[in-house]
Every structure is written in C-alpha cells, then in structure tokens.
Asker: 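Next up is a structure, given as structure tokens.
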Amino acid sequence: MSRILDEAITWHLASEHDDMDWDAFTLWLEASPDHRAEYDAVARGDAMLKRTGERTNLWMANPQATLPIITSSQGSKRWTRIGQRFGWGMGWAVAAAMAVLAYLPGHWTQSAQTITTGSLSREVALEDGSTITLAPHSSMTLEDRVGRRIRLDGGAYFAIRHVAGRQMEVQAGALTISDIGTRFDVQSQGAIIRVAVSEGQVGLRARAMADVTLAHGQGALFDTSALQLTTGPIAADDVGSWRQGQLSYTDMQLSLVAQDVARYGGRGLVMSDALKARHFSGTLVLGNGHRPAEDLARLMGLELVRGADGDRLCQSGASC
Amino acid sequence: MSPQCEGRHSANPNGLKALFDLHRRELLRFLAARCGAPDLAEDLLHDLWLKLDRGDAGPVSNGRAYLFRMANNLVLDAARGRSRAMRRDKEWLSAEGAAFPVPEDRPDPACSADELVVLKQEVQALRRAIETLPQGARRALWLYRMEERGQADVARVMGISRSGVEKHLTVAMRHLRKILGEAELLPPSPEEQDQ
C-alpha cells in the first residue's frame, strides 16, 4: 500500500507542472479505487497544510512540549584567566538556566508577533532553519511572517542561514543590523546597544551615522544618547556564550556587566556612579541568583550587599 | 446548478473555452476517475465550464494542463465540502457546511465553535508533522508550499538537484499524510493499514 502512497505523491507533485501527463494519470486512477483514495488523501492533506499555513502560524514556533529543549550548561565552566583577551570583550555570560522554546499563539491573525521571555531564554526556530535564542527578560517582535524584520529589546543570539536574495533586519533601539546569513549576538537595553559577530558579517546603520560593516571577531557598542559607535575586536568563540551559562568580558564597563548580570542572573544589581565607570575583564558563571554578582564582587575587590529585591556593589569598607 | 446564460460568453484570450470543448470527453473521464462518481463528475465539469465563462483564468501557458488542474482543484474543493458535512462527530452543520464547492479565497467567516475545534485539531496535527520533519524536507516544504516557489527554484535556493527536491517533498508529503491519518483528519494511511 505504501507503494500506492508514493505513486500518489509523485502524481500530486507532478500535477502542478505543465508537463504532467493527465491521460496517464487518469489511467492510473482508473486502475484501482485505492489509487483514487490515496491520491485524494495526499491532495487534501497538502491543501490543508497550505490553507491552514496561510491563516495560522504553523511554522515559526512551537509548543514547547514537542520541541527540543536547550539544556543548561550551568557550572560547566570555571573562572578563566582575567585579561586574557585584548580589545574590549563581549561574551555575555550567564546561564540561560533552561531555555525553553518560544510559544506563539496558534492563530496568526496579525502580521506582527511578539515573544517575551521571563526568567528563561527561549529558542525560536524560523522556517528556513535559522534560529534565534531570545535571552531572559527580553522581548522580540517578528514584524513579518517569516522573520525577516525583527525588533529586539533585550538580548538575543541569531544564527541566520544564508538565503539567496534575502536580507534580514534587526532593529535594536536606534540601531539597524542587517544580515544575509551569519551568527551574531545583540544586547540592547536603554541607550547602549552591543553587537558581536561570531561568523560572517553584519551591517550597522543608524541615523546620522555612516554605515558600518562588522565582521566576525568584531564587536560594536552604540551609544544612542551620544550617537556614537565604537568597534573593536572580540573573542568570536565567546559570542553568545550566555547560552552556555557564562558571560565573558574584556574591559567592559561595569554598568553594562551589571545590566547583563541582572538580565541573565535574574537579580537586580546596582552600584554608585563612581563604580559604573570602572571596567571588568573576566568570565562570570551563572549559578544560583547571587552567584554571578558574588563572583563579580570578588574579582573586582568589591563588597556585595544583598537586598530583598536585588544586590548592590559597594567599595569595601565604605558605606553605600 | 443550471447554466446561467449560455449566450453570454466573455472574450477569452486564452481560448480556454475552445480547449474545453475539444477536451471535454477526456476531462469528464478524468473527473469520473478522480472522484469515483459519474454524476458528480458531470456536475464538476459543469462547474468548470461556469468558471471559464466567468473568465476566472489568468494567463495560461499550457491551456490543456490548466483545464485539468482546474478540474482537479474542483474535486478537492468538493471533497472538502463533503468531508466537512460528513465528518464523524460533526454535529456542526455550519452555514457553509453544505456549500459546494467551498470558495478557497473567501475571508474567514465567523467560525462556529465546532469549526474552531476542527481548525485547532488541524493546527496541532500540522505542527506536529512540520516539527518532526527532517530539516531538508521541512525547508523544501516551506519554500514550495508557503513561498510558492517551483521545484526548480527550490532546488536553486537549497543548492541541491531537482530530484533532491522531489525526494524531500516526497518525504514531507508522506509524513504529512501519515500524521493527518493518525489524527483522523484523513483516512488512515496505507502505512498504518500495513501494520
């Protein structure tokens, strides 16, 4: 019987072409009622896919139960040497403790679809095999059905497959990142947007700024309030390392490190303005909620004061 | 189902109606073989003629193939209407349940609760089918079905041969058919019957 199914599928696929032999098909149908029944089932199934696919969101994501779960690699890495990398690094650590896949409402009634994460990251699979891992406490709006225009608030790692003739655009604050198939990480919160490329290259565009191409092994930091873009080398292997439960930095402003610790660790982390201006190099591992902040304090020679809602970094011995 | 106005023939630059007359017998034989019911075949042939009379056709490169495709689609629409009306445990005889054939391009009507249940079943089964497809078959199916690319174009985009595309699509269709059979949205698939 499965031979009949395969023949039915062959006829069905051929039927959309002008060179289909309709007379031979008629003879095949007449040969057995099973032929007719199986062809009809194939054609109806395909029509159902087309009809329902046009009306609802079948392809983008995914009730989590049936999709692969990204498992945590918490604690898999220990501290690495500080200052081992040059330039200012960005590998945003922190464990996506257990990422789950994005859930999108079943009925795709509008062209735009927003996914928001809580304390867990989520992976969104696009129809073309590309994937986007949305960081915890982040939000992403897919402005069209196939994920070619995306607006991001928070963090996300993009693994975009190259499709001829296609360009994808990610809008992060005032910065537009264009891509034709590569891997890169974006962290967008407040006025500062960070981009790091691990494979291929992306284009960066913002108002009143010349377009910039960022190649693999390069990172960019865009300050929206100053309309200033800074680029520099990064460790390509560390890009998006938060997905594996760690954040690696080289000479990164402490305020941005704290921002990441809060996002990925799930606990707020504040400090005085004087401390915000300091820089940090090293790798933080995501463990329990306090761990990255504790490690950061220890490495920086600071004191961590725990609060009910979040932690505070203080100069040792000073009141804060 | 009576002819509307035999004399009011709109101009048809494609000559499809002339081709219809030329191939009428083959079309009828095809329809009878395709739907397995001579009476229904006659009705569908008439529906096809009405569609041509309304000038529904777009530009056509191969008129004969186009007529057979139209006929084939009419069978599908009719089957869909029938299956809706007859579906097991379908107490829903919605406003369009008896409509025949069901226009494919009409806007979503206000769905009855039962229709929503069926739609939900369809969505669940189709998602399950899509998610469990091998990567290549999934991508080929998307490009072919949702982006409406021809097989040659899918081959170009995926960087594989045309026969490679056919293999992917065959895998996808077989899988789809199996899952929809398991979900009782289609009759059981032959693979299940084999077991």
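In this text, all values refer to a predicted model and were calculated from it rather than measured experimentally. Here is the naming used below: chain letters follow the sequence lines, and residue numbers restart at 1 for every chain.
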Asker: I need the minimum non-hydrogen distance between B:Leu76 and A:Ala47, along with the two atoms involved.
Answerer: CD2-CB, 3.7 Å
Asker: Does the side chain of A:Leu27 come within less than 4.5 Å of B:Arg29's, by heavy atoms?
Answerer: yes
Asker: Can you measure from OG (A:Ser130) to CZ (B:Arg139) and round to the nearest 0.5 angstrom?
Answerer: 8.0 Å
Asker: Among A:Val42, A:Leu29, A:Asp46, which residue forms the greatest number of heavy-atom pairs with chain B at distances under 4.5 Å?
Answerer: A:Asp46
Asker: I'd like to verify something: which residue of B:Gln135, B:Met173, B:Arg34 has the highest number of heavy-atom pairs under 4.5 Å with chain A?
Answerer: B:Arg34
Asker: Considering only heavy atoms and a distance below 4.5 Å, find which of A:Asp23, A:Asp19, A:Asp21 pairs most often with chain B.
Answerer: A:Asp23
Asker: Locate the shortest heavy-atom distance separating B:Ala33 from A:Glu30; write the atom from each residue and the value.
Answerer: CB-CG, 3.6 Å
Asker: Check the orientation of B:Phe30 and A:Trp22. Use parallel for under 30°, tilted for 30 to 60°, and perpendicular for over 60°.
Answerer: perpendicular
Asker: State whether the number of non-hydrogen atoms from other residues, nucleotides or ligands found under 6.0 Å of A:His216 atom NE2 is greater than 12.
Answerer: no
Asker: Any salt bridge linking B:Arg149 with A:Glu16? Criterion: basic side-chain nitrogen under 4.0 Å from a carboxylate oxygen.
Answerer: no
Asker: Cut-off 3.5 Å, side chains only: do B:Asn72 and A:Tyr39 have a donor facing an acceptor?
Answerer: yes
Asker: Mind listing the closest non-hydrogen atom pair of B:Glu122 and A:Thr52 along with its distance?
Answerer: OE1-OG1, 3.1 Å
Asker: Considering only NZ, NE, NH1 and NH2 on the basic side and carboxylate oxygens on the acidic side, decide whether B:Asp77 and A:Arg44 come within less than 4.0 Å.
Answerer: no
Asker: With a 4.5 angstrom heavy-atom cut-off, which part of B:Glu166 approaches chain A: side chain, backbone, both or neither?
Answerer: backbone
Asker: How close do A:Asp6 and B:Thr170 get, heavy atom to heavy atom, and via which atoms?
Answerer: OD1-CG2, 4.4 Å
Asker: Within the supplied structure, the quantity of interest is the number of heavy atoms (other residues, nucleotides, ligands) at a distance under 6.0 Å from B:Arg162 CZ; does it exceed 12?
Answerer: yes
Asker: Give, as side chain, backbone, both or neither, the part of A:Leu13 having an atom under 4.5 angstrom from any heavy atom of chain B.
Answerer: both
Asker: So what's closer than 4.5 Å to chain B heavy atoms on A:His17: side chain, backbone, both or neither?
Answerer: both
Asker: Does the pair B:Leu186 and A:Asp40 meet the rule for a side-chain contact (heavy atoms from CB on, under 4.5 Å), with working shown?
Answerer: CA-CA 9 Å; B:Leu186 289 176; A:Asp40 198 57; over 6 Å; no
Asker: Yes or no on side-chain contact (heavy atoms from CB on, under 4.5 Å) for B:Leu141 and A:Leu49, after CA distance, side-chain angles and deciding distance?
Answerer: CA-CA 10 Å; B:Leu141 187 64; A:Leu49 171 72; 3.7 Å; yes
Asker: Can you establish whether the number of heavy atoms outside A:Ile180 located under 6.0 Å from its atom CD1 is more than 12?
Answerer: no
Asker: Could you pull out the closest heavy-atom pair between B:Arg177 and A:Ala41, with the gap in Å?
Answerer: NH2-CB, 3.5 Å
Asker: Using a cut-off of under 4.5 Å on heavy-atom pairs, state which of B:Arg64, B:Glu26, B:Arg156, B:Met158 scores highest against chain A.
Answerer: B:Arg64
Asker: Evaluate side-chain contact (heavy atoms from CB on, under 4.5 Å) for A:Asp18 paired with B:Tyr66, printing each intermediate quantity in order.
Answerer: CA-CA 7 Å; A:Asp18 280 351; B:Tyr66 186 85; 6.0 Å; no
